[in-house]
Amino acid sequence: MTSALPAWTTLPRDFYQHHPTVVAPALLNKILVRDDGRAGRIVEVEAYAGDQDPAAHSFKGMTARTATMFGEAGHLYVYFTYGMHWGANAVCGEVGQGWGVLLRALAPLAGLDRIRAARPAIRRDRDLASGPGRLSQAMGITGALDGADLVTDDRGIRIVSDGTAPCPDPVIGPRIGISRAQEFPWRWHVPDDANVSVRPRRRLER
DNA sequence: TTGAGGATTCTC
DNA sequence: AGAATCCTCAAA
């Protein structure tokens, strides 16, 4: 019997030590894993690039909120917004750059009972983790996990590969929900994946 | 001390 | 289209 389930190998530090426009598409088809069995395949991401990027939290330099983003690559930057939602990023680049990749959507893969329990109002599975706030809620990510090391798995969250190739032909387009640098094509998602978040409704100009 | 705005989601 | 809901940061 030679066939076996492919091993889940944690992504190494140097996977993250590049520009977020490189790391972001490379993260498509990787798997976000919690130590309680919850896991989901990453199907939508966005890049944020520090002082090169007016839309990034880190654009104007480090603050108390963004300290993690300026730290070592491979850690989790978790932010709070709109008074109720958490967002999760993989820090990338070198220390001091403030670069990261926002995890925007997962295709739930394991621990579905726990994921559904974390999203009790949701009826369809494709709505469980389709959006940064939904993803964080589904996976139990809050500010308590800000700074967690995805490489050493020091706090029960990591990103692994199951051997699936990177998405060969991702959809590329503008980022969602930002007011500046809207023209940067720094969003990538797996084509036709039901879990990809959708812009609510484009506001008509004028 | 104040206030505007926010890497969103849900409901009406 | 509007509400919910509160933290962050710059400016006064």
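Naming convention: chains lettered A, B, ... in sequence-line order (proteins, then strands); numbering from 1 in each chain. Values reported hereafter were calculated over all heavy atoms of this structure, with side chains retained and with hydrogens, waters and symmetry mates removed.
A/Phe80 comes within 4.0 angstrom of sugar-phosphate atoms only, judged by non-hydrogen atoms across all strands, and of no base. Among the atoms of the strands shown, none is found under 4.0 Å from any heavy atom of A/Gly87. Using a 4.0 Å heavy-atom distance criterion, A/Leu102 is classed as a base contact. Residue A/Arg119 is classed as a sugar-phosphate contact, given heavy-atom separations below 4.0 Å to backbone atoms only.
Pair assignment for B/dG3 gives C/dC9, based on Watson-Crick or G-U wobble hydrogen-bonding distances that are each under 3.5 Å. Figure legend. B/dT8 is base-paired to C/dA4; pairs are counted as Watson-Crick or G-U wobble with both atom distances under 3.5 Å.
If you measure from atom CZ of A/Arg175 to atom P of B/dG6, you get 14 Å, rounded to the nearest angstrom. Protein atom CZ of A/Phe184 is 14 Å distant from nucleotide atom C1' of B/dA7, rounded to whole Å. Here B/dG6 presents its P atom at 10 Å from NE2 of A/His57, a figure rounded to the nearest Å. Separating the CH2 atom of A/Trp86 from the P atom of C/dC6 is a distance of 12 Å, rounded to the nearest angstrom. As rounded to whole Å, 17 Å separates atom P of C/dT8 from atom NZ of A/Lys60. Summarising the geometry, the separation between CD1 on A/Ile176 and P on B/dT9 is reported as 10 Å, rounded to the nearest angstrom. In this structure, A/Tyr79 places its OH atom 7 Å from P of B/dA7, rounding to the nearest Å. Atoms CG (A/Leu103) and P (B/dT8) sit 13 Å apart, rounded to a whole Å.
Between A/Tyr48 and B/dA7, a base-stacking contact is recorded: ring centres under 5.5 Å apart, planes less than 30° from parallel.
A donor-acceptor contact shorter than 3.5 Å is absent between the side chain of A/Glu72 and the backbone of A/Val95. Of the possible polar contacts, one joining the A/Asp146 side chain to the A/Val78 backbone as a donor-acceptor pair under 3.5 Å is found. Judged by distance alone, with hydrogens and angles left aside, the side-chain atoms of A/Ser58 form a donor-acceptor pair with the main-chain N or O of A/Gly98 at under 3.5 Å.
Side-chain nitrogen and oxygen atoms of A/Ser179 include none within less than 4.0 Å of the OP1 or OP2 phosphate oxygen of B/dG5. Between A/Arg180 and B/dG6 there is no side-chain polar atom (N or O) within less than 4.0 angstrom of OP1 or OP2.
Expressed to the nearest 0.5 Å, how far CD1 of A/Ile159 lies from CG of A/Leu27 amounts to 5.5 Å.
Listed nucleotides: B/dT8, B/dA7, B/dT9. Nearest to the side chain of A/Met69: B/dA7. Closest to the side chain of A/Arg65, out of B/dG6, C/dT8, B/dT8, is C/dT8. You'll find that the side chain of A/Ile122 is closest to B/dC10, out of B/dC10, C/dC7, B/dA7. Ranking B/dA7, C/dA4, B/dG6 by closeness to the A/Met84 side chain, first place goes to C/dA4. Between B/dA7, B/dG6, B/dT8, one nucleotide has an atom nearer to the side chain of A/His85 than all others, and that is B/dT8.
The aromatic rings of A/Phe80 and A/Trp86 are tilted relative to each other, their planes meeting at an angle between 30° and 60°.
Other residues, nucleotides and ligands contribute over 12 non-hydrogen atoms within 6.0 Å of the CZ atom of A/Arg65.
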